[in-house]
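Atoms within a ligand are numbered from 1 in the order they appear, just like the ligands themselves.
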Amino acid sequence: MSYESVIGLEIHVQLATKSKLFSGAATRYGADPNIQACIVDLGMPGVLPVINEDAIKMAIKFGLAINASITSLSVFARKNYFYPDLPKGYQISQLDLPIVASGTIDIRLDESEVKTIRITRAHLEEDAGKSVHEGFGENTGIDLNRAGTPLIEIVSEPDIRSAKEAAAYMKKIHSLVRYLEISDGNMQEGSFRCDANVSIREKGSTELGTRTEIKNINSFRFVEMAIDHEIERQIDLIESGQRITQETRLYDSTKDETRSMRTKEEANDYRYFPDPDLLPVSVSDDLINEIRQTMPELPDAKRQRFIDDLGLSEYDSEVLTTSRELANYYEETLTVAGNAKLTANWVMGELSAALNKDGLEITDSTVNAQMLGQLVKRIDDNTISGKIAKQVFETMWAGEGTADEIIEAKGLQQVTDTGAIEKLVDEVISANPKQVEQYQNSPEDRKGKLIGFFVGQVMKASQGKANPQQVNSLLKEKLQ
Ligand code: ADP
Ligand code: MG
């Protein structure tokens, strides 16, 4: 039998507010345990939550970016469960009336194929604290710094059909929240993580199969591995005549396997009810319009502009807009260099390779956009050849000055003086009488190999500095 996999993702994004969702405590990562938990986060009797306006605005911003509808009166609810890192005994979340409902996002599967994934909802909720197992012997420590940190949970429809699509979707949401500057998206620190719901069904069927949910995946690579693994496990079960149990599973990346955490029977009954301490959140059209004014250019629009206005290829535009930082770097380089395609080649080529090699982010690049722009400009205005430019780039990367300084200090300017080039051409011709004879007697060899040989010799004699077009035409003229 042939199967189709069906996947829906729930992504948790930590919002980049300075303080928590319902208290004034700081949200900064990495502080000493429990110094950023105030009486509200600790769930002391008698305290009252106060909503953080910035968190509301960030959620709306996300909603606008996915063309969703913004709920004019959204409601906070208590989700009740018992866990040591949850001091109040409930998490404040949203159930029936989430702030953002029914949006869409496009993911690119390859150069020509785009797929739309529907987003059911995005709701606001507070994060829980953390259990700390190291350094407490038989006991467990509780760090409540994260308790009350604002999150949006983004829930997709089960529109995703493969592990690859799931990773592409997760990357697209990640890029989007960073473009919007509503989250730092730091996956190591847990600011961006997802649960993957996976089921399989007979190809062609329209019914949904029984699903399992894999919890807390915090990398693009793991989401792909975990889902692929889970699809295989489910197919094996069905093929051997067994049934899938609806359950929550945990992905172990070191063993590349998923393990059962709890089945549906053991699932919590969260006894949701509207939080009586919080009023419904009223969002006016004025507020929505005000936020609309602050929207940056989004990745899809930017990609289209790169194609239409700069004449870049679909592929180049896609790569250069994957992150806001890369797109900014490219545009700043272009302002100095003034040649869109050549600049794209350098950013995606030499620069990316150098960043990869040194494990650097674009924002920490040794060569900044101004410096790269100046180098590309010198290729574009024929001061140096592309080949020499690579040498200049390496020197620049090593911190030995700007492109112009290096070109000047090492005397790398391209030789365009016809007299000087002519001299080298004459020398090469007289040093290679056999090849000259061959060139003159067999016209079919001229275009390809032989002319290449002569150009190579002259370029070598000039240490790569002669202008190749001039070398080429002078050689042809003299060899006739
Ligand atoms: P819950 O609240 O129990 O987590 P939801 O109905 O809200 O369940 O669904 C959560 C996620 O699971 C959504 O992303 C949804 O698209 C996905 N989902 C629901 N049913 C299936 C299924 N049969 N197979 C795969 N994904 C599913
Ligand atoms: Mg769920």
Taking only non-hydrogen atoms of Val155 and a 4.0 Å limit, the atoms of ligand 1 in range are 13 (C), 14 (O)

At a 4.0 Å threshold, what atoms of ligand 1 neighbour a non-hydrogen atom of Gly209? 23 (N)

Ligand 1 versus Glu157: contacting region, heavy-atom distance under 4.0 Å: backbone

Would Lys88 pass as a cation-pi partner of Tyr90, given that its NZ or CZ must be under 6.0 Å from the six-membered ring centre and within 45 degrees of the axis? yes

Measure Thr210 to ligand 1 on non-hydrogen atoms and call it side chain, backbone, both or neither using the 4.0 Å cut-off. neither

Indicate whether any N or O donor in one side chain lies under 3.5 Å from an N or O acceptor in the other, for Ser23 and Asp41. yes

Are any side-chain N or O atoms of Glu165 and backbone N or O atoms of Arg161, one a donor and one an acceptor, separated by less than 3.5 Å? yes

Quiz question: by atom type and distance under 3.5 Å, do the side chains of Glu207 and Ser205 form a donor-acceptor pair? no

For Val6, take its heavy atoms, then give the atoms of ligand 1 lying under 4.0 Å from any of them. 24 (N), 25 (C)

Assert yes or no for the condition that the ring centre distance of His229 to Tyr251 is strictly below 6.0 Å. no

Pick, from Arg211, Glu213, Gln246, Arg121, the option with the minimum heavy-atom distance to atom 1 (P) of ligand 1. Arg211

